[in-house]
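See below for the structure under consideration.
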Amino acid sequence: MARISAGIACSHVPALGVASDLGKQDEPYWKPIFDGFEWSRKWETEHLPDVVILVYNDHASAMDMRVIPTFAIGCGEQFGICDEGWGPRPVPDVEGHPDLAWHIAQSLILDEFDMTIVNELDVDHGLTVPLSMIFGKPEKWPIKVIPLAVNVVTYPPPSGNRCWALGEAIRRAVESFPEDLNVQIWGTGGMSHQIQGPRAGLINAEWDQHFLDRLSGSSDELRRIPHIEYLRETGSEGIEMVMWLIMRGALGHAAREIHRFYHVPASNTAVGHIILEPEQ
Ligand SMILES: [Fe+2]
């Protein structure tokens, strides 16, 4: 049986990808952030899964106003890297796991989550930056990836409660896959950030830390945070944190925090990162 062994949440600040690609990790501005992921890189090497279900959002790179799936799952063999305006990032293509992805798609749809199935998909910084932060700059990513894209760009994004419930359904789907696979689920994006308007640069570290606190344990109160609270407290892009709730929901009733990192600022946003394990 396949199982979800851990959840990782990680900001996907595009500038971190640029810093990695240009070899700026040791520059004073970036070093504390890359150092903050060192423990995680080592931990991940020791707990390397077969597959990562990587929850992210596309930033009008592969998807745009023509089609706006609330939840989309990548079922292809391979995913290319988006050109986000300055050429694709110089990182490896992403290898999928079509058998597990199709199984999850079937299970979720029959479980009443209306997933959009995507077979051809290029992935942007939302997916590749977390890979870079955890795996550095390999020739080939050491895991297979099932992209799970969430609309958090065009109103209305899904509610936190719906995201948490989707995570619970993903857990059921993975656990009904007969092959013995070690699966991790990653939630990306966040934490507090606003990149536009008069409140640009807004950071609410206290709120972010309280959110991180509530990811572990058995409370599910995070699923009831309304959109307006994310907007008011964490800025217009803080809504990306609902994607973390898919990860948390997939870990089951209770989760244990095993690592946390938080840093301000990175390109005027807050970088948040946490590793959680399900408590049996
Ligand atoms: Fe984003």
Side-chain angles (χ1 to χ4, degrees), residues 1-12 49-57 69-75 97 100-117 126-127 130 143 145-152 156-177 181-191 211-227 230 238-258 272-280:
M1 178 179 100
R3 70 193 190 286
I4 293 180
S5 58
I8 297 182
C10 179
S11 299
H12 58 221
D50 301 298
V51 186
V52 170
I53 300 168
L54 206 157
V55 181
Y56 78 111
N57 69 287
T70 299
F71 298 120
I73 182 165
C75 295
H97 195 303
L100 178 59
W102 275 101
H103 171 83
I104 293 172
Q106 174 178 310
S107 177
L108 291 178
I109 290 167
L110 296 179
D111 211 356
E112 303 180 350
F113 287 86
D114 305 315
M115 306 299 292
T116 298
I117 294 170
L127 188 137
I143 37 85
V145 175
I146 297 175
L148 200 149
V150 180
N151 167 44
V152 289
S159 68
N161 184 51
R162 186 66 172 159
C163 288
W164 190 293
L166 177 63
E168 292 171 328
I170 289 171
R171 182 180 178 86
R172 291 192 287 275
V174 168
E175 291 184 346
S176 63
F177 189 68
L181 289 177
N182 179 352
V183 178
Q184 285 181 358
I185 182 160
W186 295 10
T188 76
M191 298 195 80
F211 184 90
L212 290 167
D213 291 342
R214 290 178 288 173
L215 283 168
S216 53
S218 57
S219 165
D220 67 349
E221 67 179 87
L222 290 176
R223 67 196 296 170
R224 288 183 285 277
I225 298 172
H227 286 156
Y230 288 103
I239 190 62
E240 290 188 344
M241 276 181 274
V242 295
M243 296 187 287
W244 294 30
L245 302 185
I246 297 176
M247 175 277 289
R248 176 59 189 86
L251 298 181
H253 174 65
R256 175 177 57 246
E257 174 180 330
I258 60 168
H273 167 50
I274 196 166
I275 303 180
L276 300 164
E277 282 180 341
E279 283 197 296
Q280 302 310 325

Any side-chain heavy-atom pair from Met243 and Val152 closer than 4.5 angstrom?
-> yes
Between atom OG of Ser216 and atom CD of Glu279, what is the distance when rounded to the nearest 0.5 Å?
-> 8.5 Å
What is the distance from atom CD of Gln106 to atom CH2 of Trp102, rounded to the nearest 0.5 Å?
-> 9.5 Å
Does some side-chain heavy atom of Leu148 sit less than 4.5 Å from a side-chain heavy atom of Ile170?
-> yes
What is the distance from atom CE of Met191 to atom CZ of Phe211, rounded to the nearest 0.5 Å?
-> 5.5 Å
Output the distance between atom CE (Met1) and atom CG (Leu181), rounded to the nearest 0.5 Å.
-> 11.0 Å
Rounding to 0.5 Å, atoms CG (Asn182) and CD1 (Ile143) come to a distance of 11.5 Å
For the residue pair Phe71 and Ile246, establish whether any side-chain heavy-atom pair is separated by less than 4.5 Å.
-> yes
Any donor-acceptor pair under 3.5 Å linking the side chain of His273 with the backbone of Ala9?
-> yes
Under 3.5 Å donor-acceptor, Arg248 side chain and Leu215 backbone = yes
Less than 4.5 Å apart, any side-chain heavy atom of Pro157 and any of Val150?
-> no
Shortest non-hydrogen contact between Ser11 and Pro130, atoms and distance | O-CG, 4.1 Å
Please examine the side chains of Ser5 and Glu277, heavy atoms only from C-beta on, and report whether any two atoms are closer than 4.5 Å.
-> no
Check whether any side-chain heavy atom of Leu251 lies under 4.5 Å from a side-chain heavy atom of Ile4, and answer yes or no.
-> yes
Minimum side-chain heavy-atom gap Arg162-Thr70 below 4.5 Å | no
Any donor-acceptor pair under 3.5 Å from His227 side chain to Ile239 backbone = no
Is the closest side-chain heavy-atom distance between Ile104 and Phe177 below 4.5 Å?
-> no
Of the non-hydrogen atoms in Pro147 and Tyr56, which two are nearest, and what is the gap between them?
-> CB-CE2, 3.8 Å
To the nearest 0.5 Å, what is the distance between CZ (Arg3) and CZ (Arg171)?
-> 11.5 Å
Taking all heavy atoms of Ala169 and all of Asp111, pick out the closest pair and write down the distance.
-> CB-OD2, 3.5 Å
Pick out which of Ile8, Val55, Leu54 makes a side chain to side chain contact (heavy atoms under 4.5 Å, CB included) with Thr188.
-> Leu54
